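The structure under discussion appears below in the form of C-alpha cells.
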Amino acid sequence: MRDRLDLVVAEWARRTPDAPAVLRDGRGIRYAELVARADAVASALRREGVGGGDVVAIVPDRSAEPVVALLGCLRADATAMVLDPAWPSWCAEDVCDRAAVRAVLQDDARVNVLRSPSDSGPDAACLFFPPGARPRPVAVSHRRLVAALTDAGSSAPRFLQAAGPGSEDFTYEVWSALLNGGCVVSGPPEDADHLRLSTAEFHARAENPESFAGLRGLVVAGASPDARALSAVLRHSPRLRLRHVYGSAGTALVSRTVREQDLGSASLPLAPDDRIALGEDGEVSVTGAATGDIGWADEHGAIRVLGRRDELLRVAGRWVDPRRIEAVLTAEHGIAECVVFPVDDELACAYTTDDGQPRPALPGVSVQLHLPRLPAEATLRLDFSSLVERVRSHEPDSLLAEVRGLLGHTALTAADDLLDAGMTSLDAIRLAAALSVRCRRKVTVADVYRERRLSALSGDAVAAPVPVAPVDRDDRDRPLAHAQQRFLFAEAYAPGSADNLVVEAYELTGPLRPAALRAALGDVVARHEALRTVYVWERGRPVQRVLDDTAVPWTEVPPPEDRPPVREIAERVTADLWDTPFRLDREPPVRARLCRLAPDHALLCLQFHHIAFDGSSEPPLLADLRHAYVARAQGGVPRFPPAPGYPLLGRQEARGLASWAADDIPYWRETLADCPPSCLPPAEKGGDSEAPAQETVRRLDAATVRRLEAAAARYGGPVLAALSAGGAMALARRFGADDVCVGTLTSGRFDPAMDELVGYLVNPFAVPLRGLRRAAGTVLAAAARQVVDGLEHARTPFDEVVRELRAGHGAPPWFEAWVVLQHPPPAVSLGPVALRPVRVRPPRTSRGWMAEAFPAADGGWDLVTTWREDVMTCRTGSALADDMADALTELAEAADV
C-alpha cells in the first residue's frame with residue numbers, strides 16, 4: 001500500500017475522512033470527498049477505455065479540481081501529466097504528441113480520447129516535461145515519489161501550493177501535503193504552515209527573520225544556503241522544522257534536516273555526488289542523475305551552483321526557459337525578434353514586430369518593451385545592460401517610451417523638438433502611423449512636422465495602443481512585390497542594365513582572413529533570403545524560390561600593376577561586373593570579388609542586383625557581416641536573431657494595396673494633373689536606353705548643411721525638401737523654366753522591423769514645384785509642403801500610381817531629374833580589420849540627371865551629380881552642379897531671414 005500514491009491518500013481518507021485535503025480561500029475539500037470525486041474521475045476514464053499504461057493530460061485552472069483530476073488518473077492506474085495553462089495551443093499539442101497522450105481530462109471530468117492505448121509502465125505515476133526548448137519527458141514511479149516525499153517528522157502539513165501546474169515544484173508541493181495527511185493550500189498564504197522556497201528566495205526573505213513566524217515547516221530547495229541566514233531564522237523560530245533539499249522529486253533528491261548546532265561553518269554541507277571534485281567546476285549529479293546545474297563543492301562540502309547547462313533562468317523561484325518563451329512569442333504573436341531576460345526578479349521581454357505595432361499583452365513575461373530594433377554592442381552582441389536600463393525606466397504602454405526607442409533618444413521629453421532630437425522623414429512617417437493608432441484619429445506626416453513636439457501631437461494618446469492582429473507569416477504563397485516585378489521584366493527586356501545593378505567596394509586594412517570572410521558572407525546570405533532567391537515562371541506568372549545553397553560566387557583577382565589610387569583600383573577590378581547580368585531565374589543576386597593589395601590591405605567588392613538590395617540594405621548587411629566574420633575568425637559559427645522574411649513582402653503588399661491606394665491615388669491624381677513637363681534636353685538615343693554617364697562632385701560644408709536642416713525645419717519639412725528645392729531651382733535657372741518636377745525616394749521601410757532587412761523596398765514619388773524664380777524662402781516653404789505630403793502618400797508602389805494615372809501609352813514621364821538623400825557612410829569594422837567604403841561610379845545610366853547628397857563623417861555633404869552623356873555636355877553638367885550648390889547656399893540663408 002505504501003508504494004502507491006493513490007493508496008496512501010486513500011488510507012489517509014480512511015483514517016481522517018473529515019480532515020481538509022485541499023483548501024482555497026477558506027473553502028476546500030476534505031479527504032473523503034477528495035477520494036470520492038477522484039473515483040468518479042477514474043470511472044469516467046475507464047468508461048472511455050483509459051487505464052493502466054495510458055498517459056492522461058490534465059488541463060488545470062488553478063483551482064481545487066487539478067488535485068482531484070491528478071488523483072483520479074492514478075485511481076484509474078493511468079499516468080498523469082499536468083499541462084501548464086500558460087502554454088500556447090501549439091506547444092501543448094506538441095507536448096501531448098511527444099508524450100503519446102491517450103486522453104485529455106478537463107476539470108469537469110470530461111474525457112477527450114486522442115489515440116489508441118499505449119504502455120508507459122504500470123508503476124509510472126507522473127510524467128514531467130522539464131524546462132527546455134524541446135525537452136524529453138521524464139516518467140516518475142509511484143515508489144520513487146512515495147519514498148522521496150513521505151516525511152515521518154511532518155504531521156499534517158498545510159503546504160502552500162505556489163508553483164504553477166505542469167512543473168515538478170507543483171508535484172512536490174501537492175504530494176508533500178497529501179502523502180503526509182496534510183492539506184494543499186492554494187491561497188491565501190496565511191492559511192499555510194509549510195512553505196517551499198528556492199535558496200535565492202530564502203536568502204532574500206531571511207533578511208527579515210520575522211517573516212517566517214507562524215510556519216511549522218520550511219523547505220529550502222537548491223544550492224546550499226548561507227549558514228548565517230539559517231542561524232538567524234532558526235534563532236527567531238526555534239520550533240521551525242527546516243530542511244534543505246537538492247535535486248528533483250521527479251528524478252532524484254537528497255535532503256537533510258537543518259539544526260542550529262550543525263551550523264558551525266560558513267555554509268551548510270550537503271554531501272555531493274562523487275562526480276564533483278572539491279573546488280572543480282562540473283555538472284551536479286544526485287545519486288547518479290544529472291541535474292543540469294553547473295556547480296562545485298567547497299571545502300566544507302557545500303554545493304555552490306554557478307549556472308545552468310541548458311541556459312535556464314531562475315526567476316521568482318521558478319526555473320524558466322527563455323528560449324522556449326521566445327519561440328512561443330515569435331510563433332503566435334507576430335513578433336519579429338525578441339529576447340527574454342531577468343530584471344530585478346521579474347522576467348522581461350524586449351521585442352520588435354513586423355507591423356511596427358506593440359502587442360497589448362504577452363504571456364510568460366512580467367514586463368515587455370516594444371522597440372524598433374534591439375540594441376547591440378560594438379561586438380554586435382545584444383546590449384543587455386541597455387535593455388535592463390530601458391526596462392527599469394520604462395513607462396508601460398507609454399507613447400513617449402515608444403518614441404524614445406524610435407529616435408534612439410532615451411532622454412527625450414514630451415516638450416522636446418523632435419527635429420532637434422534627430423527625427424528623419426522616415427521617423428515622421430512611423431510616428432504619424434503610431435499616433436493614428438493610439439489617438440484613433442488620422443495624424444498626418446504634415447501634422448508631425450507642423451507641431452514637432454509630442455506634447456502637442458499626442459493629446460490623450462499616452463493610453464495603451466489599440467490591439468492589433470498578429471501578422472500572418474504563412475510563407476506558402478509568395479507573390480512578387482511591384483518593385484520585384486518591375487526589375488524582373490526590365491531584366492528580361494534589357495539584361496545587364498547598369499541602373500539595375502549595385503556594386504559596392506570596401507577597403508579592408510588589417511590582418512584579414514579570406515577564408516573566414518568568405519564563410520561569413522555565406523552566413524549573411526543564409527540569414528537574408530533576398531540574397532538567395534530566384535524568380536521562376538509557373539503557370540504564366542513569376543514566383544519566388546528561396547535556394548538552400550548559401551554559397552556566394554567568389555573570385556580573387558590580382559591588383560593592377562601600376563597601383564593607382566584605391567578608388568580607381570575598385571573601378572578597374574569591377575569594370576566587367578557592369579557587363580555581367582544576373583540570370584535571376586537560376587542564380588542568386590549577389591557575387592563577391594576580393595583583391596589583395598598587400599598582406600594587410602585588400603578590396604572586397606560585392607555586386608548585387610537591385611531586386612534584392614537597396615541603399616538601406618547596406619547597414620544591416622555590414623553589421624551581420626561583421627558579426628559573422630568575428631565568429632568565423634575565432635573558429636565559431638555566428639548566432640543571428642531571426643530576420644524578417646523578404647519573400648513575404650509581396651504578400652503583405654498585396655493585402656494592403658487596396659487601402660493604401662484608396663488614400664494615395666486621389667492625392668496623386670490631383671497633384672500631378674498639371675505636372676510641369678521635363679526641362680531637360682531630349683536624349684539623343686531617346687527612350688529608356690542607357691548612355692555613358694558623366695559625374696562631378698561638389699562639397700557642402702557641415703555648417704551649410706546644418707543651416708539647410710534648420711531652414712527646412714523652419715518651414716515644416718525635412719532636409720530632403722531643401723535638397724529637392726535646390727535641385728529644382730538649379731534646373732529652372734539653367735534651362736529657363738518656371739516649373740520643374742523632380743523625383744525622389746522614400747526608403748519604404750515604414751515598419752521599424754524592416755530596418756534589419758536586406759532587400760529592395762525603396763519607393764519613388766514626384767515633387768512638382770512651381771514658381772521657382774521666387775524668393776528662396778518661398779520656394780522652400782512650397783517644397784516642404786510638397787515633400788511632406790508626398791511622404792504621406794508614398795506607400796502605394798510607384799508602379800501602381802503610374803498604372804492608375806497613366807493608362808494611355810506614350811505619355812511622357814512626370815520627371816527625368818532625380819534628387820536623392822543617401823544614408824550616412826557605415827561605421828563598421830570586421831573585428832581587427834578596418835573597413836572603409838569606396839564609391840564605385842556606374843559607367844552608364846538611363847536617367848537624364850541625378851543629384852545625390854552623400855553625408856560625410858564631419859556632417860557635410862558630398863553632392864554628386866551624374867547625367868547622361870547624350871543629354872548634356874560635361875560643361876553644362878558641371879555648371880548645373882555649381883548652380884545647385886549656389887541654390888542650396890541660398891536656401892540655407894533662408895533660416896536666417
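Remember, predicted model here, so these are calculated numbers, not experimental data.
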Rounded distance [0.5 Å steps], CG in Asp549 versus CD in Glu587: 12.0 Å

Arg698 vs Thr696, side chain to side chain donor-acceptor pair (under 3.5 Å): CA-CA, chis, key distance, verdict: CA-CA 7 Å; Arg698 297 293 182 268; Thr696 189; 2.7 Å; yes

Check: Trp861 and Leu708 side chains under 4.5 Å, non-hydrogen atoms: yes

Distance (rounded to the nearest 0.5 Å) between Leu888 CG and Arg707 CZ: 11.5 Å

Backbone N/O of Val525 and side chain of Arg532: donor-acceptor pair under 3.5 Å: yes

Within-4.5 Å side-chain heavy-atom neighbours: Leu431 and Leu418: yes

Main-chain N/O of Glu529 paired to Thr533 side chain as donor or acceptor, under 3.5 Å: yes

Phe608 and its ring pair (Phe, Tyr, Trp, His ring centres under 6.0 Å) partner, picked from Phe487, Phe613, Tyr760: Phe613

Please table the atom pairs, donor to acceptor, closer than 3.5 Å between any side-chain atom in residues 818-828 and protein atoms at least two apart or in another chain.
{"from": "Gln822", "atom 1": "NE2", "to": "Glu852", "atom 2": "OE2", "distance (Å)": "2.6"}
{"from": "His823", "atom 1": "NE2", "to": "Ser616", "atom 2": "OG", "distance (Å)": "2.8"}

Donor-acceptor contact below 3.5 Å, side chain Glu556 vs main chain Leu594: no

Carboxylate-amine/guanidinium contact Asp576 Arg593, below 4.0 Å: yes

Side chain to side chain, Glu756 and Glu337, heavy atoms closer than 4.5 Å: yes

Shortest non-hydrogen contact from Leu501 toward His609: CD2-CD2, 4.1 Å

Heavy-atom pair of closest approach, residues Val838 and Ala570: CG1-CB, 4.1 Å

Donor-acceptor under 3.5 Å (Arg452 side chain, Asp416 main chain): no

Arg795 to Phe765, cation-pi by 6.0 Å centre distance and 45° axis angle: no

Any donor-acceptor N/O pair, Glu571 side chain to Arg841 backbone, under 3.5 Å: yes

Qualifying residues under ring pair (Phe, Tyr, Trp, His ring centres under 6.0 Å), relative to Tyr629, sequence neighbours excluded: none

Heavy-atom closest pair, residues Val758 and Ala612: CG1-O, 3.7 Å

Any side-chain donor near an acceptor of the partner, Thr746 and Asn763, under 3.5 Å: no

Spatial distance of atom SG (Cys349) from atom CD1 (Ile325) [nearest 0.5 Å]: 8.5 Å

Check: Ala530 main-chain N/O paired with His528 side-chain donor or acceptor under 3.5 Å: no

Side-chain heavy atoms of Arg836 within contact of Leu508, under 4.5 Å: no

Any donor-acceptor N/O pair, His627 side chain to Arg639 backbone, under 3.5 Å: yes

Flag side-chain contact, heavy atom, 4.5 Å: Thr744 against Leu720: yes

Contact summary for Thr352 and Ile335, nearest pair of heavy atoms: O-CG2, 3.4 Å

Cationic N near anionic O, under 4.0 Å, Arg839 to Glu695: yes

Derivation of the side-chain contact (heavy atoms from CB on, under 4.5 Å) call for Arg518 and Val552: CA-CA 8 Å; Arg518 184 174 183 179; Val552 179; over 6 Å; no

Leu480 CG to Arg486 CZ distance, which is reported to the nearest 0.5 Å: 12.0 Å

Test log, rule side-chain contact (heavy atoms from CB on, under 4.5 Å), inputs Leu517 and Leu604: CA-CA 10 Å; Leu517 180 60; Leu604 172 64; 4.2 Å; yes

Closest heavy-atom pair and its distance - Leu597, Pro559: CD2-CB, 3.6 Å

Shortest non-hydrogen contact from Ala711 toward Leu891: CB-O, 3.4 Å

Side chain to side chain, Leu621 and Leu531, heavy atoms closer than 4.5 Å: yes

4.5 Å side-chain heavy-atom contact, Pro718 and Leu791: yes

Glu792 (side chain) donor-acceptor with Val788 (main chain) under 3.5 angstrom: no

Donor-acceptor contact below 3.5 Å, side chain Arg572 vs main chain Ala575: no

Under 3.5 Å side-chain donor-acceptor pair for Thr353 and His370: yes

Inter-residue atom distance Gln694.CD - Thr845.OG1, 0.5 Å rounding: 11.5 Å

Steps toward side chain to side chain donor-acceptor pair (under 3.5 Å) verdict (Arg749, Ser617): CA-CA 10 Å; Arg749 297 171 187 252; Ser617 299; 3.1 Å; yes

Evaluation steps, side-chain contact (heavy atoms from CB on, under 4.5 Å), between Tyr351 and Leu371: CA-CA 6 Å; Tyr351 68 99; Leu371 300 172; over 6 Å; no

Residues forming a salt bridge (Lys or Arg N to Asp or Glu O under 4.0 Å) with Asp862, sequence neighbours excluded: Arg699

Side-chain donor or acceptor of Asp523 paired with backbone N/O of Ala628 under 3.5 Å: no

Leu622 side, atom CG; Asp624 side, atom CG - distance, nearest 0.5 Å: 9.0 Å

Test log, rule side-chain contact (heavy atoms from CB on, under 4.5 Å), inputs Trp578 and Val840: CA-CA 11 Å; Trp578 297 103; Val840 177; 4.2 Å; yes

Side-chain heavy-atom pair Gln484, Tyr535 within 4.5 angstrom cut-off: yes

